[in-house]
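Below is one structure, written out as structure tokens; the observations come after it.
Order of listing sets the numbers, starting from 1, for every ligand and every atom in it. Just so it is clear, the values below take in all heavy atoms, side chains as well, and ignore hydrogens, waters and symmetry mates. Note that the numbering runs from 1 along the sequence shown for the chain.
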Amino acid sequence: MYTKTQIQELDTLTTDLLSGKMYFDAAEKTSDLIAVIRYHDWKYYLQSTPSINDQQYDFLFKELKKIETEHPNLVRDDSPTQRIGLALSTDAKTVAHSVPMISLDNSYNADDLKEFDERLQKLLNGEAIQYCVEPKFDGSSIALLYENDKLVRAATRGNGVEGEDITHNARVLKSIPLQANFSKRGISKIELRGEVVIANDVFKKLNEDRAKENLKTFQNSRNTASGSLRMKDPSETANRGLEAFMYQIGYAVDTNNNNVLGESLNNHFENIDMLYTLGFKTPQSEKKICNSIQEVIDFCNQWEAKRDSYNYEIDGMVIKVNKLTQQNKVGATGHHPRWAIAYKFKAKKARTKLLDIEYQVGRTGAITPVAKLEPVPLAGVTISSVSLHNEDFIKEKKLRMNAYVYVERSGDVIPYISGVDESSLDENTQEIIFPKNCPSCNSELVREAEESAWRCINLECIAKSEESIIHFVSKEAMDIDGLGRDIVIRFMKEGLIKQISDIYLLPNKKETILALDGWKEKSYNNLVDGIEASKNKALWRILVGLGIRHVGVIMAKKLAKQISSIFDLQAWTTEQLLELEDIGPKVAESIHQFFSNESNIHLLKELERNGVALVHNELNSEQIANTLAGKTFLFTGTLTKFTRDKAKELVEKNGGTILSGVSAKLSYLVAGAEAGSKLKKAQEIATIQIIDEDDFLKLIE
Ligand code: IVH
């Protein structure tokens, strides 16, 4: 950590270096650049408050590289340029930990924790016990060895006694300092324990990026972290967004080789503070001192409740006796320390039976096998069905009908099968035979080379049309209010729609629709409003809605910016498409194919004829102002000046957000006549401003 004065000095030095400060001494410039880059790594990776942008950081980094190339004698091991060494690692080396990395005993409920406390009370003859409680990170454990302030080795846990040497990879993690001022605290050699993790948002982005590049996506952050630490090429590791939380000191000695753990370092909470001050990432604000076991239990419960909103995967809490003298008194069994225990949250992994497989036809004709499972509770929800992706997945996981499988769920990720219980693969289980024909139209399925999916290629297949229409009206595409999956399926059954453009003929079919069970004037009007509003949706929404392969929301938004009409895409060759920004060969080829197909052009012409705007215009242009940026809105009661869809559009165009319910997050409730419970609820929250339609229009004027 830096003092205020140091921060001021480093900020000034940053400005000087960025504006090309002159140096007469190369060593001085090198040392200034190292200090400044290390400071900005700390701001970015530990404080999450960067004060320079990527280009400025790159400039400083390049300056340092340049000077080091010119003066090789100035290259220091702890220079940020030396995080990635040039050589790839050779075969993994095994190294012995300074002290064994034993694991933790587990507890699952309040009674287990009370027993743990009672055991300790006895062992400590009733001495008062303070506990330090912190999250149990679900990643890959790591041991870092520092000698004379330098990181000299990093190792995996391995079997606890010996681990794998992964120094080359640990060095690329910016949250692991290459140098830390332990000597100032009289420590000359120290081994730290921690967990390498990937934050949930980073993991999500990593997978999105991989999907875009057609690379296999990762299943969970724990395995990805552990795999990434073992890569041969550290520059690969560097791209995985890994971070290391340090939560324990395993071993520490002074210059005379005397143990300082339990001596000068005698308080776990303060030890973690010290690591934080020296530049490590620690569970700094997460950790808490509890003075009674009841306080521990309450704190664990609080964390379990907010587990899903925390940006790191955690599978429980770790409770540690805070005083190291007490820790030393109670000692350890062969397996685990007596002074610590893990409190495990309710499982995010469950074992259940695979009862059946349903084969679903997607809009591209791809067949997705979906497992029907014996319902099983998993981290707060009941799971009874989960996607099996494709035939290869079934084979890879050695799945058989009636076998027992493990289902996992992490963060807000959808549940998935992580494996099969091999002991259940007996004569009661049967081989899974992937269908040869489309479950909807019975035509023969095809699987092209390099494709993982079997596809139905029948252009007339009803299931495909159904999915295409459902996709077109979906939230991420045209977002047509009043027209969801079930209604599309019903309308198709009734023959009211056969293809996408038929949606726009629905307003002429009032009588037929009103004759259907459950349809009333109000739901019909709602549907018509939704359809009308969709005629002027942003062009990227139409592009998404068309379901062109490889064109998702992000790509559609990029494309829409570069065209004035959807028909522009028809005129461009693959080569011309490739010249557009961010469009790769796969996307270009797929767009070209889509627009070379007569029936697709026919569909677009029909849409245009039915009033759907296929060119940018005043009504469908995206956000035009930031007037409402950061503000949230909810509309209630009868609106007379605009429809709800229009209101939503106006809010979004002005940079605001619509909320679905009244909460403290709401900035404005726009109340029309006869507003009911929402208005009442909003009146009870002082921070919500209650306005009418005119006030709203004034806001965006
Ligand atoms: S302390 C002797 N603290 O949980 C005590 N461990 O089964 C050493 N873990 O392999 C462990 N978060 O990888 C400790 N805050 C935390 C932890 C933690 C995760 C992992 C660690 C260990 C396993 C214990």
Side-chain angles (χ1 to χ4, degrees), residues 97-108 112 116 120 131-144 154-164 166 170 175-176 190-199 220-223 225-226 229-230 242-252 261-262 265 267-269 271-273 275-276 280-290 296 299-300 303-304 307 310-324 326-345 347-349 410:
H97 299 300
S98 304
V99 283
M101 289 176 82
I102 51 178
S103 73
L104 293 168
D105 197 7
N106 288 328
S107 67
Y108 300 93
D112 293 349
F116 166 72
L120 284 168
Y131 294 107
C132 178
V133 186
E134 59 206 38
K136 184 170 184 304
F137 297 99
D138 196 6
S140 186
S141 29
I142 192 170
L144 304 178
T156 62
R157 178 170 185 275
N159 60 13
V161 178
E162 288 178 332
E164 206 176 291
I166 49 158
S175 49
I176 296 184
I190 184 164
E191 191 171 292
L192 310 177
R193 306 279 154 89
E195 202 86 353
V196 173
V197 295
I198 307 179
N220 63 49
S221 60
R222 185 203 323 117
N223 294 351
S226 140
L229 276 181
R230 289 179 177 73
L242 303 173
E243 290 175 81
F245 275 100
M246 303 318 292
Y247 48 62
Q248 193 70 27
I249 302 178
Y251 170 90
L261 259 193
L265 305 183
N267 181 309
H268 174 72
F269 190 90
N271 289 352
I272 298 297
D273 281 346
L275 294 182
Y276 177 73
F280 291 87
K281 191 174 183 82
T282 58
Q284 198 53 21
S285 57
E286 291 87 341
K287 68 187 194 315
K288 186 186 169 188
I289 290 288
C290 294
V296 170
F299 191 57
C300 289
W303 267 90
E304 182 151 16
R307 167 190 198 181
Y310 186 54
N311 201 18
Y312 297 93
E313 281 300 313
I314 55 176
D315 58 348
M317 302 299 284
V318 182
I319 297 105
K320 298 173 183 172
V321 169
N322 193 39
K323 275 222 168 81
L324 271 74
Q326 290 185 330
Q327 289 187 3
N328 290 342
K329 254 191 218 167
V330 300
T333 70
H335 304 110
H336 53 77
R338 290 196 187 88
W339 46 264
I341 197 162
Y343 172 80
K344 300 289 285 253
F345 292 152
K348 283 197 166 190
K349 179 171 175 172
S410 36

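- The main-chain N or O of A342 is found under 3.5 Å from a side-chain atom of S107 such that the two form a donor-acceptor pair.
- The contact set between ligand 1 and S141, taken as ligand atoms under 4.0 Å from a residue heavy atom, comprises 10 (O), 13 (O).
- Nearest to atom 3 (N) of ligand 1 by heavy-atom distance, out of K320, K136, Q248, H268, is K320.
- Below 30°, between 30° and 60°, or above 60°: for F137 and Y247 the angle between ring planes is below 30°, a parallel geometry.
- The distance between the ring centers of W303 and F345 does not fall below 6.0 angstrom.
- The backbone N or O of I314 sits less than 3.5 Å from a side-chain atom of R307, completing a donor-acceptor pair.
- In terms of protein heavy-atom proximity, atom 6 (N) of ligand 1 is closest to Y247 CE1, 3.3 Å.
- With salt bridges taken as basic N to acidic carboxylate O contacts below 4.0 Å, none links K349 and D315.
- Among the atoms of S103, none of the N or O lies under 3.5 angstrom from an N or O of ligand 1.
- Heavy atoms of P135 come nearer than 4.0 angstrom to ligand 1 in at least one pair.
- Taking every heavy atom of both residues into account, V296 and C290 meet most closely at CG2-CB, 3.6 Å.
- By the 4.0 Å heavy-atom criterion, P337 is counted among the residues contacting ligand 1.
- The closest protein non-hydrogen atom to atom 8 (C) of ligand 1 is I102 O, 4.2 Å.
- Annotation: atom 12 (N) of ligand 1 to nearest protein heavy atom, F137 N, 3.0 Å.
- Open room surrounds NZ on K323; 12 or fewer heavy atoms of other groups in view lie less than 6.0 Å from it.
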Apply side-chain hydrogen bond (donor to acceptor under 3.5 Å, both in side chains) to residues R222 and S226 and explain how you reach the verdict. CA-CA 6 Å; R222 185 203 323 117; S226 140; over 6 Å; no
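- Here the heavy atom of the protein found nearest to atom 13 (O) of ligand 1 is E195 OE1, 2.6 Å.
- In terms of protein heavy atoms, atom 7 (O) of ligand 1 is closest to L104 N, 3.3 Å.
- Inclusion of W339 in the set of residues having an N or O under 3.5 Å from an N or O of ligand 1 is not warranted.
- With ligand atoms numbered from 1 in the order given, ligand 1 contributes 3 (N), 15 (N), 16 (C) to contacts under 4.0 Å with heavy atoms of E134.
- Taking 4.0 Å as the cut-off, R193 does not count as a neighbour of ligand 1 on heavy-atom distance.
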From CA spacing to verdict: salt bridge (Lys or Arg N to Asp or Glu O under 4.0 Å), D112, K344: CA-CA 11 Å; D112 293 349; K344 300 289 285 253; over 6 Å; no
